[in-house]
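Structure first, commentary second.
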Amino acid sequence: MLTTAEAIAIQETLKQQVICTDQLPATINIIAGTDVEYDKDSSLIAGSIVLLHYETLEVIAVASHCMEVTFPYIPGLFSFREMPPLLRAYEKLTVQPDLIICDGQGLAHQRRFGLACHLGVTLDKPVIGCGKTRLCGQYGPLDEPRGSMAGLYAEDDQSLIGHALRTQAGINPVFVSVGHKISLDTATAIVLKMATQYRLPETTRIADHYARLAMEAYKEQSK
DNA sequence: GCGACAG
DNA sequence: ATCTTGTCGC
């Protein structure tokens, strides 16, 4: 299996390919959400990708893949754990999304290469990183209203690596960062637009739901 | 050395 | 991630 040092070397190489400016289609029709589900009492993980109509949020397609984990959870090397099931699921899609929102950081990462960057560079697709909690970086006061945001600044060089974004009034923020082929401002606006009713964007909520179903189905069928 | 640490 | 229902507080 891949060693920690090898994984870090891969990140250092691939990070140079990340594009932090908008390079999306003129019109976004299909947006994708991804999530990975872990089984409580085995080493199975299920990844799901859900395709939604950008304006109506109607589900267009879902693809999932369940398998054994191939890499341990190490903060900073998260993508090596979650990429395999997500890539397998992505291969099953017969329609491609214009943009993907994944559940984890992009540039808001120790080496500026979180899951969203790794997925974006690998698929050569626009990807937004949207994490539920912070991995690194510091941010200042955040106002209470929906849509309030604060810059997330790296501890080492003080560079802007993401935004803490309040998607609902008085609720903990989510952490938005560039994955690939999108700017931070565009990424932030899209996450806010997709978080219509809850803290997390609908893409993530729906992907989470299907990943759970995929895990249950896989376990049931393997009996 | 200690704490923090996406899921 | 996974433990998980009712309960405390605004």
Side-chain angles (χ1 to χ4, degrees), chain A residues 2 4 7-8 10-11 14-15 18 33-50 64-89 100-122 127-139 144-145 152-156 161-180 184 187-188 191 195 199-201 203-216 218-219:
Chain A
L2 209 57
T4 296
I8 291 174
I10 290 172
Q11 292 181 325
L14 293 181
K15 66 188 279 188
V18 173
T34 75
D35 194 27
V36 172
E37 170 85 3
Y38 291 75
D39 184 28
K40 179 172 67 73
D41 36 38
S42 79
S43 52
L44 290 174
I45 52 176
S48 279
I49 299 182
V50 57
S64 303
H65 187 80
C66 192
M67 61 187 286
E68 295 283 333
V69 292
T70 58
F71 201 85
Y73 171 64
I74 299 171
L77 298 180
F78 185 51
S79 63
F80 293 91
R81 185 170 174 82
E82 296 211 342
M83 287 267 289
L86 290 178
L87 291 178
R88 297 290 196 91
I100 300 169
I101 299 181
C102 71
D103 69 318
Q105 321 294 340
L107 289 183
H109 175 278
Q110 300 93 311
R111 288 172 292 278
R112 312 291 183 270
F113 196 74
L115 171 63
C117 299
H118 202 159
L119 193 63
V121 166
T122 301
V127 178
I128 293 171
C130 179
K132 292 183 277 292
T133 60
R134 192 192 59 92
L135 170 61
C136 63
Q138 306 171 320
Y139 63 102
E144 293 304 319
L152 183 65
Y153 295 92
E155 287 89 347
D156 51 15
I161 56 176
H163 279 150
L165 171 68
R166 187 102 64 192
T167 53
Q168 299 297 335
I171 297 297
N172 287 155
V174 295
F175 298 85
V176 181
S177 59
V178 170
H180 189 48
L184 179 57
T188 305
V191 168
R199 175 179 176 238
L200 298 179
T203 41
T204 301
R205 299 186 68 251
I206 296 172
D208 176 86
H209 175 247
Y210 282 105
R212 180 166 277 110
L213 290 185
M215 176 64 79
E216 288 174 6
Y218 184 89
K219 289 172 69 177

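Lettering follows sequence order; numbering is per chain, from 1. The model shown is predicted, which means the values in this text are computed figures rather than measured ones.
H118(A) places its NE2 atom 15 Å from the C1' atom of dA6(B), with the value rounded to the nearest Å. Following rounding to the nearest Å, L135(A) (CG) and dA6(B) (P) show an atom-to-atom distance of 6 Å. F175(A) has its CZ atom 16 Å from the P atom of dA4(B), to the nearest Å. Between the C1' atom of dA1(C) and the CZ atom of F71(A) lies a distance of 17 Å, rounded to the nearest Å. Here the P atom of nucleotide dG7(B) and the CD atom of Q105(A) are 7 Å apart, to the nearest Å. The interatomic distance linking E155(A) (CD) with dA6(B) (P) rounds to 13 Å, in whole Å. What separates CZ of R212(A) from P of dA1(C) is a distance of 9 Å, to the nearest Å. Distance Q11(A) CD to dA6(B) C1': 12 Å, rounded to the nearest Å.
Between R111(A) and dA6(B) there is no side-chain polar atom (N or O) within less than 4.0 angstrom of OP1 or OP2. The side chain of T133(A) places an N or O atom within less than 4.0 Å of a non-bridging phosphate oxygen (OP1 or OP2) of dG7(B). Distances shown here put every side-chain N or O of R134(A) at or beyond 4.0 Å from the OP1 or OP2 atom of dA6(B).
When each of dA6(B), dC3(C), dG7(B) is scored by its nearest atom to the side-chain atoms of P75(A), the top-ranked nucleotide is dA6(B).
In this structure, D103(A) reaches the sugar-phosphate backbone alone: every heavy-atom distance under 4.0 Å involves primed, P, OP1 or OP2 atoms, never a base. Residue G76(A) is in base contact, counting any heavy-atom pair closer than 4.0 Å across all strands shown. No contact: L44(A) has no heavy atom under 4.0 Å from any strand. E37(A) comes within 4.0 angstrom of sugar-phosphate atoms only, judged by non-hydrogen atoms across all strands, and of no base.
The side-chain contact (heavy atoms from CB on, under 4.5 Å) with V178(A) is formed by just one residue from the set L184(A), I128(A), T188(A); it is L184(A).
A 4.5 Å side-chain heavy-atom check between S43(A) and V69(A) finds at least one atom pair inside the cut-off. Contact annotation: the side chain of C102(A) approaches that of V127(A) to within less than 4.5 Å [non-hydrogen atoms, C-beta and beyond].
Using cut-offs of 30° and 60° on the angle between ring planes, the pair F113(A) and H118(A) is tilted. In this pair, Y139(A) and F175(A) present their aromatic rings perpendicular. The plane angle is above 60°, beyond the 30 to 60° band.
In this structure, Y73(A) does not pack face-to-face on the six-membered ring of dA1(C), missing the 5.5 Å centre cutoff or the 30° plane limit.
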